[in-house]
Amino acid sequence: MSSEGRTRARFRLLGPVELQTDTGHVVLTGKQGALLAILLLSANRVVSVQRLAESLWGEPLPSSPSSRVRMLISDLRRTCIAAGDNLIRTQRPGYVVRLTPDQLDLARFLDCVAQARKAAAGGDPETAVTRYDEALSLWRGAPLVGIDGSFVQAETARLEELRLGAVEERASAMLEMGRYAEAITELTAVVADHPLREAAHGQLMLALHRSGRRADALAVYRTLRERISEELGLEPERDLQRLHQRILTSDTMPEPRGTALGSSGTTPKPPRHQPDPVAAPVPRQLPAPPPHFVGREREHAELDRLARDQAKNRVAIAAISGTGGMGKTSLALRWAHDNIELFPDGQLYVNLHGFDPSSGPLPAHVALRHFLGSLGVPAAAIPAGEEAQAGLYRSLVAGRRLLVVLDNARDVEQVEPLLPGSPGCVVVITSRNSLPGLNATHGASLIGLDALTRAETRRLLGRHLGEPRIDADPDSAAVLVEHSDGLPLAISVLTARAAMHPGFPLSVLAEELRSPATRLDALQAGDLSTDLRATFTSSYEALHPAAARLFALVGLAPWPDISLRSAAALAGLPASRTRVLLQDLEAANLINQHRPGRYRTHDLVRLYAAERAESDRPDHERAEALTRLVDSYVRTACAGDRLLYPNRPFAARISAEPVQEEFEDAASAWGWFEDEQSSLIAVQRLAMKLGMDAAAWRLAWAMDTYHKRCQHEVRIESWQTALAAAERLGNPSTRAFAHWYLGYAYAQASRAGDGLEHLLLAFRLFEQEEDLTGQAHTSHTLGFAWLARGEPERALPHVENALRLQRELRDPLWEANALSAAGWCHAQLGHYPKARSYCEQALELFQKYEDLNGESATLDSLGYIAHWARQHDQALGYYGRCLELRERLGNAYQGADTLVRIGDVHHETGRPTAARDAWQRALDLYHKQHRAAEAENVQEKIRRLAVRSSAPNGPSDPAAPADH
């Protein structure tokens with residue numbers, strides 16, 4: 001059928017993710033379903049590759065996320081085409097699905113709900129119910145069933161909220177029509193599934209009451225109130241309380257007008273905890289709550305818990321800390337206003353100006369005088385000394401249920417005199433310092449604030465600017481969200497600037513934010529209270545000079561995550577002294593130790609630190625700090641590489657200086673490369689920028705052993721940079737090395753065609769230099785490249801040439817490597833006896849010279865040869881020894897490949913349980929290593945095993961048998 005004659009595809013999200021065409025329907029699950037769901041949720045809007053990757057995997061992203069997204073898009077397109085349609089289009093910077101409203105159930109649902117609301121607003125509840133029925137009929141169960149991704153939980157909650165909102169609105173229309181019985185039936189089911197949903201409870205109470213079931217309506221309220229009180233420590237919303245009161249009094253006589261007296265004519269007693277108005281005033285000093293507030297559920301719950309504990313035999317104290325602009329005061333005030341009924345004896349508030357650049361911290365005695373006056377003490381009666389003031393203050397608040405908010409505190413010394421001394425009071429302190437001393441001396445709960453999530457930042461932006469303005473330019477709004485980096489003050493500044501010019505497009509602000517050079521300028525609105533740079537300045541200027549210097553220098557690092565070792569290199573200080581200074585920065589919430597020995601700064605704070613380095617540190621100091629940083633990485637990486645590859649050829653020529661004892665063993669070296677993988681590439685780029693070409697080249701060399709096991713694309717990038725450095729250095733031998741390794745990297749990344757060109761050029765350069773060792777190794781790698789192309793017959797002459805040269809050079813270890821490679825070539829050509837002979841000779845040499853890497857690779861080859869020769873017990877023996885060595889070496893990357901082959905042997909010999917165990921171990925490793933293609937291959941093996949497939953598996957090819 002032609003495309004013109006086909007029915008348009010329809011997509012479903014309100015249930016399992018589904019594609020429907022005239023040829024049938026397909027339900028999509030897993031990452032493929034997740035990818036389609038993301039595109040459909042943004043239908044008719046381009047979704048960038050970066051956003052797709054973040055939504056699919058979250059943080060940390062897997063290696064080469066763009067390539068993985070493109071692979072998934074290709075698979076999804078094939079699925080759609082197989083179902084009869086393909087609407088996924090490529091459009092920079094990502095992909096888009098172009099749909100009409102009737103092609104997506106979510107769009108049809110929203111359209112029906114909009115029509116229903118219009119009818120309800122126009123006084124036509126019958127039409128409204130009909131439209132709500134149409135909308136709700138589109139739901140086929142829980143949304144987004146069967147898919148996975150970091151976005152699923154939030155989107156499922158959002159869609160479910162849309163459905164529940166429609167159900168509640170439909171119930172309102174039914175109540176207006178007098179269809180109470182139906183409303184009761186449906187609302188009873190809703191409150192059973194959502195026992196804390198107050199709107200539905202209110203509708204059910206109203207329906208029951210109007211049906212003449214007042215007792216049942218009151219029972220619904222009692223059940224809800226008990227549950228909210230028990231689970232949340234709260235009371236129902238005021239609207240629900242008022243409805244409850246109206247139902248309670250609906251059949252009683254109204255109170256006499258104009259009086260609040262009881263029947264006896266006497267004034268009723270005040271409720272418990274109500275203070276005597278003559279004895280002391282009730283302070284109500286809280287500033288207004290923030291007009292816009294999102295997130296902080298965990299911190300809010302911790303404050304709730306603290307308030308519930310106030311009756312215990314101590315003062316309940318919470319210290320909220322975080323970077324300037326993180327929203328500490330907003331959280332404190334929002335929570336205080338939400339819980340104001342818990343403090344009938346009043347609320348005291350003072351801004352302690354702990355980091356005020358103009359006035360300095362407020363002295364405790366000034367704050368005490370303010371509190372005492374608020375509690376009714378005449379100025380003449382306030383004692384002169386701070387200690388006496390504090391004693392009188394504690395006496396006045398004793399026995400009261402009082403909230404004390406100490407905002408913007410500098411340190412423990414400033415707040416201690418302001419702490420009540422008896423139970424019943426709750427104290428909430430905000431500070432840029434973490435105030436651990438309060439926990440040690442007063443048992444305070446320390447609540448640290450981190451940045452808002454992307455979703456929370458987007459919600460906050462929408463509340464400030466309004467959704468229409470956001471929807472008018474979603475791309476610019478996304479830039480505002482990204483570069484405000486979850487800092488509430490940054491959003492406030494941006495929205496204040498946007499409000500000053502309501503006619504300006506958001507793209508004006510977005511353009512300023514895109515460049516790091518102008519980002520902090522964009523985040524100031526003209527006064528100190530809304531100037532992000534001024535906020536950071538007050539924290540910076542409160543630091544000890546040595547800590548301030550380290551803070552500025554850390555801002556020079558071109559990545560956000562830095563180790564103690566790197567910080568010490570930047571500062572030029574011993575690690576012990578640097579650790580103490582980092583603790584000072586951590587206490588000031590300017591840096592966060594997210595793992596032992598590893599520190600991270602908020603992106604905007606890091607920009608500010610870089611500005612301070614530029615303005616406060618002289619040029620030579622900055623240059624020396626960065627040079628020390630690069631040299632430290634080169635030194636450490638070379639030391640780590642020596643442990644990972646102890647017999648590496650040319651190691652002495654490339655890294656001649658004595659190697660320091662940086663690591664305990666190969667496993668700790670591997671862990672360091674894992675931690676620093678992104679930093680290392682950034683350091684290499686920094687070395688090029690500084691003109692440190694030799695360092696850039698040596699870094700590529702030092703990273704190669706790690707990269708070739710697990711980071712093929714990064715390995716190519718590293719050697720491209722090294723080649724550029726080698727060209728600038730002008731040394732033919734160095735150029736030959738760079739071409740050799742770049743060709744090697746291309747071949748291992750399945751780009752052997754690109755690799756062969758560089759390898760042949762490297763061989764010619766080594767010939768010109770009469771470097772037999774270089775020729776031997778390049779010949780070896782040329783054999784590897786032809787093997788990677790699946791042409792062992794063309795690989796064999798190069799490998800045999802490498803063997804000849806290594807024997808001529810009398811290098812027994814690399815003779816062993818060449819023998820192993822030749823054995824592998826013969827195995828690929830089906831010459832199993834000859835292959836085994838070569839590999840056994842190689843194994844003997846590797847064992848003699850204790851080269852465990854080479855021994856493990858050759859054992860792997862012998863296992864493969866034995867497997868193809870149907871000598872299964874021998875194959876398992878070889879593979880088992882290989883796996884043991886790889887585990888000892890910490891080589892989990894190739895160890896995973898060996899586990900797959902062990903599973904293959906077990907499967908072929910009728911041992912499904914053993915096969916499944918081996919494959920599952922390999923699968924777990926592949927997932928940890930973010931190797932999607934390999935993981936999918938093993939998952940397919942496990943699935944086939946589960947359905948008892950009779951088709952035998954041949955042995956899997958080793959990742960690189962000649963690649964030691």
Rounded distance [0.5 Å steps], [atom1] in [X] versus [atom2] in [Y]:
X	Y	atom1	atom2	result
Asp860	Arg901	CG	CZ	4.0 Å
Tyr599	Gln593	OH	CD	3.5 Å
Leu680	Leu699	CG	CG	6.5 Å
Gln775	Phe763	CD	CZ	4.5 Å

Before accepting this row, confirm whether a basic side-chain N of the pair [X]/[Y] lies closer than 4.0 Å to the acidic partner's carboxylate O.
X	Y	value
Glu676	Arg598	yes
Glu884	Arg888	no
Arg617	Glu611	no
Glu815	Arg810	no

Side-chain contact, heavy-atom cut-off 4.5 Å: Pro812 with Tyr849? yes
His798 vs Phe784, test: side chain to side chain contact (heavy atoms under 4.5 Å, CB included). Steps then yes/no. CA-CA 9 Å; His798 293 288; Phe784 174 77; over 6 Å; no
Evaluate the ring planes of Phe673 and Tyr706, with Trp represented by its six-membered ring, and classify them as parallel (under 30°), tilted (30 to 60°) or perpendicular (over 60°). parallel
Should the ring pair Phe766 and Trp740 be called parallel, tilted or perpendicular, given that the plane angle runs from 0 to 90° and is split at 30 and 60? perpendicular
Run the side chain to side chain contact (heavy atoms under 4.5 Å, CB included) test on Arg751 and Glu713 for me, step by step, so that the C-alpha distance in whole Å, both residues' side-chain angles and the decisive distance to 0.1 Å come before the verdict. CA-CA 10 Å; Arg751 295 171 59 181; Glu713 292 300 323; 4.2 Å; yes
Has Arg648 got its NZ or CZ under 6.0 Å from the middle of the six-membered ring of Trp701, at an angle within 45 degrees of the ring axis?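 Yes.
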When you measure from the centre of the six-membered ring of Tyr893, is the NZ or CZ of Arg931 closer than 6.0 Å and no more than 45° off the axis? yes
Assess, by modelled atom type and distance only, whether the side chains of Trp719 and Asp704 contain a donor and an acceptor separated by less than 3.5 Å. yes
Whether the side chain of Arg549 engages the backbone of Ala571 through a donor-acceptor N/O pair (distance < 3.5 Å, no angle test) should be reported. yes
